[in-house]
Number of protein chains: 4
Amino acid sequence: MVPSDTVTRILDAAEVLFAEHGFSETSLRRITSRAEVNLAAVNYHFGSKQALIQAVFFRYLDPFSTDLHRRLNDLEAGEADAPGLETLLDTLFASVLEMPSENHDLRTFMKLLGLAYSQTQGHLRDELRSRYGDIFSRFLELLRRATPELPDDERFWRLHFMLGSVIFTLSGLNALRDIAAHDYHQRVTIRELAQRLKPVALHALRAPVADIGAAAMVDYPSRGQVTSHARTGTHS
Amino acid sequence: MVPSDTVTRILDAAEVLFAEHGFSETSLRRITSRAEVNLAAVNYHFGSKQALIQAVFFRYLDPFSTDLHRRLNDLEAGEADAPGLETLLDTLFASVLEMPSENHDLRTFMKLLGLAYSQTQGHLRDELRSRYGDIFSRFLELLRRATPELPDDERFWRLHFMLGSVIFTLSGLNALRDIAAHDYHQRVTIRELAQRLKPVALHALRAPVADIGAAAMVDYPSRGQVTSHARTGTHS
Amino acid sequence: MVPSDTVTRILDAAEVLFAEHGFSETSLRRITSRAEVNLAAVNYHFGSKQALIQAVFFRYLDPFSTDLHRRLNDLEAGEADAPGLETLLDTLFASVLEMPSENHDLRTFMKLLGLAYSQTQGHLRDELRSRYGDIFSRFLELLRRATPELPDDERFWRLHFMLGSVIFTLSGLNALRDIAAHDYHQRVTIRELAQRLKPVALHALRAPVADIGAAAMVDYPSRGQVTSHARTGTHS
Amino acid sequence: MVPSDTVTRILDAAEVLFAEHGFSETSLRRITSRAEVNLAAVNYHFGSKQALIQAVFFRYLDPFSTDLHRRLNDLEAGEADAPGLETLLDTLFASVLEMPSENHDLRTFMKLLGLAYSQTQGHLRDELRSRYGDIFSRFLELLRRATPELPDDERFWRLHFMLGSVIFTLSGLNALRDIAAHDYHQRVTIRELAQRLKPVALHALRAPVADIGAAAMVDYPSRGQVTSHARTGTHS
DNA sequence: AATGAATGAGGCTTCATTCAT
DNA sequence: CATGAATGAAGCCTCATTCAT
């Protein structure tokens, strides 16, 4: 069951090139050329380009999913109460940060994840949902217990706000890092970014809930009325 | 200077198709076919596919940029002090939400923005930066005055966290909305989402700053140590 | 509405190569190379290889169908009674033999027709049926009146026996002609073959009808019983 | 000398798939997949795809050839005179109809035979001619004695007319049978078809011989002269 | 100002075959 | 005896672009 050398090399090459140029923009020729492998090998081992794309994700996410499950098991076994929000986030961050450190690049994968969401790869989205829906649901349920004050729908959206922060930032990390390095003379690591993100995420999840019903009534002010518009009072 | 009917129809078609399928995945044939226009018209009027992509963005962002400039003018003219954080966000949201209401779809554009960031369209990123760098810098400066407690680099990253929330959520809105509608029996509008996002963004920007130097020392716990790991204490 | 030079050259090349090597065995590369035309021209002008195959047939059969209709019109206008069997066959033969003599090769087309039947080109068969069903039905109806003594089903099968004779013989004509030339020192033309075929077809159609019901009972003799088997008596 | 199970399964699968889709259109992958056999097995056991095609035919035709030889032996041993035309045809039909009844499908083979003639499988035609030329010649000689009134060349062509009827009809039997079933509410068996074919073949072979020399002079009438054209008088 | 025709490049996939094991 | 892996060639098709009209 050990993946052959050829398979691994194709996956390695595909991973990097997809992350760098996108799926459609990366031809099989380029992948196999970089992997120093016959062009037909992709179709032989994976069946199609789409299947290769999925395989790249599976190789990353399968161990991650397993690891996170195990960590959540530990978490639930160790404490009487449901884990708190901070503990939960720490666990998630730890799983994400540690997992691929072995031989893969986290940034690469985050870019892939960003691509997966933005490029319309319907097949991918479906496959990911069906394959990793369980771990996602499990985490969401723990998050629910850790934030009982949030209505379900509000929690759903905030989770995706957070997800967007992570994926967007990390997937565009190269460009952003260049800017940051230029403007603030610093080089950030992913670990540092995680440190920065944590308090933001915590506060974001604990922010008071806006009264949507009322808010939906409030028309945003047009130009020229800006200074006198009614405050919605979500933040005292 | 009035764009010919052909030009407008191409832009309209391109906008929708790009948002729906991505840039590379949308052929000029499909665009011109949908626009009921000759295949050569794109190259005739725009010069190349890349130029068309840029034109789609300019048509959206030019009025937005102008509008936001005007609102910020009003803001600065009306008050003695620098505008507060909430006012600033309200102004931004108002500009975003109002702008395309004339004849375009905000969601469509947000998907395009998401694509622009994830798909490696180097030319686009450069073009956007040089064309809209001014308004971005202006807003960032106002944000700086509204959040004097934040170090510059921290503010930079948090702004991108927020940006990620917005773009990610809105660009994947269709899919997410379906899930939300199914699980929580509600249909969200973009305006509602903005209402949900505002308090989150406010609190995220105002979250205490983690001590990165120290945090970088802290190794994330491995599996099995989860329950006893040292809390980082970012949130009391 | 005049087909461009490119279109004509593609059709000419395809016609010959298809007849010579079959559909699947003839690549578009070979066709366009012979036609001295760009490889992409086939897809530009016809859309696909299948469409090209159909177009080759249409170019032949459309004029033939029109011509035969006109001849049958003349036939029905000129005589009070329904035309006799021999007249009918003469008309068909004349239409077939005269039609493509202008600039095409009848033998080539007959080979194509043979291919169309034997190679499993489902799409072609359907297309031909729907496009030329009318003229076929019209001819069949006239044949019905010319052979009132035949049951409908018998006529149907005999017509296909005849069709098989024509198509099979003409489609394999090259090979057969070589043999005939070698064994009988003669070179046959298609016109001569038509002369040979006519009396055969006439007598075949007028052969007495076997009693199928009874015949079906009769078991064909096994080996060793040959000399004493019961004659079916269809021909005295 | 017993063919291994693998060989048999490959032949069985190939036979059906070739008949159904043609030679070029049937890939070795499909054959081996249907036979549940390793992809390389074909090349291992047969050497090449062409050799497989030939093997499929040999498996059918070798027993048939043997059987027909034996029947002709019986025929010549049993009667003083040369066998009559009808007896000869009966013998041929009996051999054809009985042979494959063991475990193969006659219709399948007839489709193969049709393909062999129309698809340009040069190698096949040569191979069949050299392998079964003897039995063909023997039958032709008996036919010569049974139809002494026919010139040799005329007999040659009429035999091929007949052959065309058989192969064309049987190779397209599925489609034709559907039509017949729909139009005439009957389901035909191959045996019935043979019953129908016999009188037709008999009369066809016995039809008077056209005067080719003269006929070749006769120009087929053009359109508009149809009703008044000179009859060629082949059938009084 | 606009277009129909044409093209070179390159896309993914499938093929029959080979070879080391 | 049999097979999984691999490969070079070739398949059809689509692409963005150009150009004469």
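Note on naming: letters A, B, ... go to the chains in the order of the sequence lines (proteins, then strands), and numbering restarts at 1 for each one. All values reported here derive from a predicted model rather than from experimental measurement.
The distance from atom CG of Asn38(C) to atom P of dA5(E) is 15 Å, rounded to the nearest whole Å. One can place CG of Asp5(B) at 15 Å from P of dA1(E), the figure rounded to the nearest angstrom. When rounded to the nearest whole Å, the span between CD1 of Ile53(C) and C1' of dG11(F) equals 14 Å. Per the geometry, CD belonging to Glu36(B) stands 16 Å off P belonging to dA2(E), to the nearest Å. As rounded to whole Å, 12 Å separates atom C1' of dT3(F) from atom CD1 of Ile10(D). Distance Glu25(A) CD to dG10(E) C1': 15 Å, rounded to the nearest Å. Protein atom CZ of Phe46(C) is 18 Å distant from nucleotide atom C1' of dT14(F), rounded to whole Å. Between Ile31(D) atom CD1 and dT14(E) atom C1' there is a gap of 15 Å when expressed in whole angstrom units.
Taking every side-chain heavy atom of Tyr44(C) into account, dG4(E) is the closest of dC15(E), dA16(F), dG4(E). Among the nucleotides dT17(E), dC13(F), dA2(E), the one closest to the side chain of Leu28(D) is dT17(E). With dT18(E), dT14(E), dA16(E) as the candidates, the nucleotide lying closest to the side chain of Ala40(A) is dT14(E).
For the pair Ser48(A) and dC12(E), the criterion of a side-chain N or O lying under 4.0 Å from OP1 or OP2 is not met. Between Ser27(B) and dC15(F), a side-chain N or O to OP1/OP2 separation shorter than 4.0 Å is present. Remark: Asn43(C) is in phosphate contact with dT14(F), judged by side-chain N or O atoms under 4.0 Å from OP1 or OP2.
Between Phe57(B) and Phe23(B), the ring planes are tilted. Angles from 30° to 60° get that label.
Residue-to-nucleotide proximity on DNA chain F shows that, of Arg29(C) and Lys49(B), the 5′-proximal contact is made by Arg29(C). Comparing Thr26(D) and Val37(B) by the nucleotide of DNA chain E whose heavy atom lies nearest to each, the residue mapping closer to the 5' end is Val37(B). Comparing His45(A) and Val42(B), the nucleotide of DNA chain F nearest to each residue sits closer to the 5' end for His45(A).
Between Lys111(D) and Glu20(D) there is no salt bridge, since none of the side-chain N atoms of the basic residue sits less than 4.0 Å from a carboxylate O of the acidic one. In this structure, Asp62(B) pairs ionically with Arg131(B), as a charged nitrogen and a carboxylate oxygen lie closer than 4.0 Å.
The CG atom of Leu128(C) sits 9.0 Å away from the NE2 atom of His123(C) when rounded to the nearest 0.5 Å. With rounding to the nearest 0.5 angstrom, the CZ atom of Arg59(D) is 4.5 Å from the CG atom of Leu11(D).
Across all strands shown, Thr32(C) has no heavy atoms under 4.0 Å from either base or sugar-phosphate atoms.
Base pairing of dT21(F) is made with dA2(E), judged by Watson-Crick or G-U wobble geometry with both donor-acceptor distances under 3.5 Å.
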